[in-house]
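Working notes for the structure below.
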Number of protein chains: 2
Amino acid sequence: MLKAEKKVSFFDTISPFVKISPKSRSALLSVMQKDHYPKGHVLVPLGGICRHVYYIEKGLSRTFYIKDGKDITEKFCTENSFTCSMPASITNVPDNRQIELLEPSIIWSMPYTELEKLYDDYHDIERMGRFVVTNELVHMHQRLSDLQFRSAEERYNNLLQKNPDLLQRVSLGLISSYLGITQETLSRIRSRV
Amino acid sequence: MLKAEKKVSFFDTISPFVKISPKSRSALLSVMQKDHYPKGHVLVPLGGICRHVYYIEKGLSRTFYIKDGKDITEKFCTENSFTCSMPASITNVPDNRQIELLEPSIIWSMPYTELEKLYDDYHDIERMGRFVVTNELVHMHQRLSDLQFRSAEERYNNLLQKNPDLLQRVSLGLISSYLGITQETLSRIRSRV
DNA sequence: TAGTGTTTTTGATAAATGTCAAAGGAAAAG
DNA sequence: CTTTTCCTTTGACATTTATCAAAAACACTA
């Protein structure tokens, strides 16, 4: 088997939507690093600037920040998806977002600066970037309209329906801030179903 | 003055961030259509699928949908920015988002299918697409964290600070749903400042 | 200017959610 | 098995926001 054909789930995730040429593929692989991390590992610490895009091959990450002393989960990220601290990566200004792993995980890291070089050189990689960002944007639209005019209960049921496994894998305290409510309220919602 | 150098504010908006070659520029112009519309004009009606990306040279648009009989403003869009019904354009599935103009406006329309052809042929146009979407995503992050854990009053003050002119141009009823609150609550917030 | 329709404000009340404190339960560690 | 720690639930109460109804302010037209 040729080296370039080695199975990497990253490309399985991408390829249905964006064709990546063999050359681009190896260029990408040359800047990607695969690591195994334990539960609790911090990918982006407080005060740090997120300079990588992460692809989660296995495991689960959480992006969060502290607001008025409260820990607020902005995003969960599971197998076969991408995560980074978007505002920081783009603007290069430190936001206060941190990323930590909630499970032992297999993570592919791509330095943002390397990725930008690849964007210059490979049209299809630029397209991949556009695709990933666009997907994320559609997803954000969904979340926004959830938060804008749905009750806490509706939001919970929504999550339960769309992402039932998340509730098995993550403690309720973290889920509640993701839904924009307190832990107590979430507990009460669950009890009255 | 060469035709290709004719002033189009669209390119002024883009060029600080993405270099567009003369060839790409005219390719873009060839699929862009400039129109003047009156206040109240509907760019994307109920039930329609948004098949264009719109650039607002002058004026103001509003993206909204009806939920439980209530009119909810998802987004305002002012001069020198882009709008489209993202979920519909991408997935080609009708969402129930409509786009209407709140002022007499000058709008450049780009058919989404044409744009995708240009993405294929011109790397820099694809980059422009990535840039626009990325910008929008950063902006959405901001809105999301606003809605997730800020009070109605904080959200209003935030808007007042970041977008004071919007409050001059748009009626409070439309602003309130954008902030995720009722009109009455918004009125009370304003009165107690 | 008077009249009509729209937007904004105000009032009374109800519903949803937050806060603080404490009690149960479950899981991990010894 | 017991202890310790962390996670979840429950209770009492405060606060925020929604709802429904009506009044007031404003803008446009005849």
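Naming convention: chains lettered A, B, ... in sequence-line order (proteins, then strands); numbering from 1 in each chain.
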#### Entry: Side-chain N or O of A:Lys39 closer than 4.0 Å to phosphate OP1/OP2 of C:dA28
no
### Query
What is the distance from CZ of A:Arg190 to P of D:dT10, rounded to the nearest Å?
10 Å
### Query
Looking only at side chains, do A:Asn80 and A:Tyr55 share a donor and an acceptor under 3.5 Å apart?
yes
### Task
Please work out if B:Arg188 contacts a base, only the sugar-phosphate, or nothing of the nucleic acid, heavy-atom cut-off 4.0 Å.
base
#### Entry: Separation of D:dT8 P from A:Ile189 CD1 (nearest whole Å)
15 Å
### Task
Kindly give the heavy-atom pair with the smallest separation between A:Gly48 and A:Val44, and that separation in Å.
O-CG1, 4.2 Å
### Task
Write down the distance between CD (B:Glu153) and P (C:dG18), rounded to a whole number of angstrom.
17 Å
### Query
Is a side-chain donor-acceptor pair under 3.5 Å present for B:Arg97 with B:Thr63?
no
### Summary
In whole angstroms, the gap separating P of C:dA16 from CD of A:Glu154 amounts to 11 Å
Side chains of residues 107-121 of chain B: which donor-acceptor pairs under 3.5 Å do they make with residues two or more places apart or in other chains?
unit_1	atom_1	unit_2	atom_2	d
B:Trp108	NE1	B:Glu57	OE1	2.6
B:Asp120	OD1	A:Arg127	NH1	3.0
B:Asp120	OD1	A:Arg127	NH2	2.8

### Query
Just how far, in rounded Å, is C1' of C:dT9 from CZ of B:Arg192?
14 Å
### Flag, side chain of B:Ser81 to backbone of B:Cys77, donor-acceptor distance under 3.5 Å
no
#### Entry: Whole angstrom value for the distance that separates C1' of D:dC7 from CG of A:Asp71
14 Å
### Task
Starting at atom CZ of B:Phe149, determine the distance to atom P of D:dT16, rounded to an integer number of angstrom.
15 Å
### Message
Tell me if a side-chain donor or acceptor on B:Gln148 pairs with a main-chain N or O of A:Ser177 at a distance below 3.5 Å.
### Response
yes
### Interface residues of residues 164-187 of chain A with DNA chain D (non-hydrogen, below 4.0 angstrom)
A:Ser171, A:Leu172, A:Gly173, A:Gln183, A:Glu184, A:Ser187
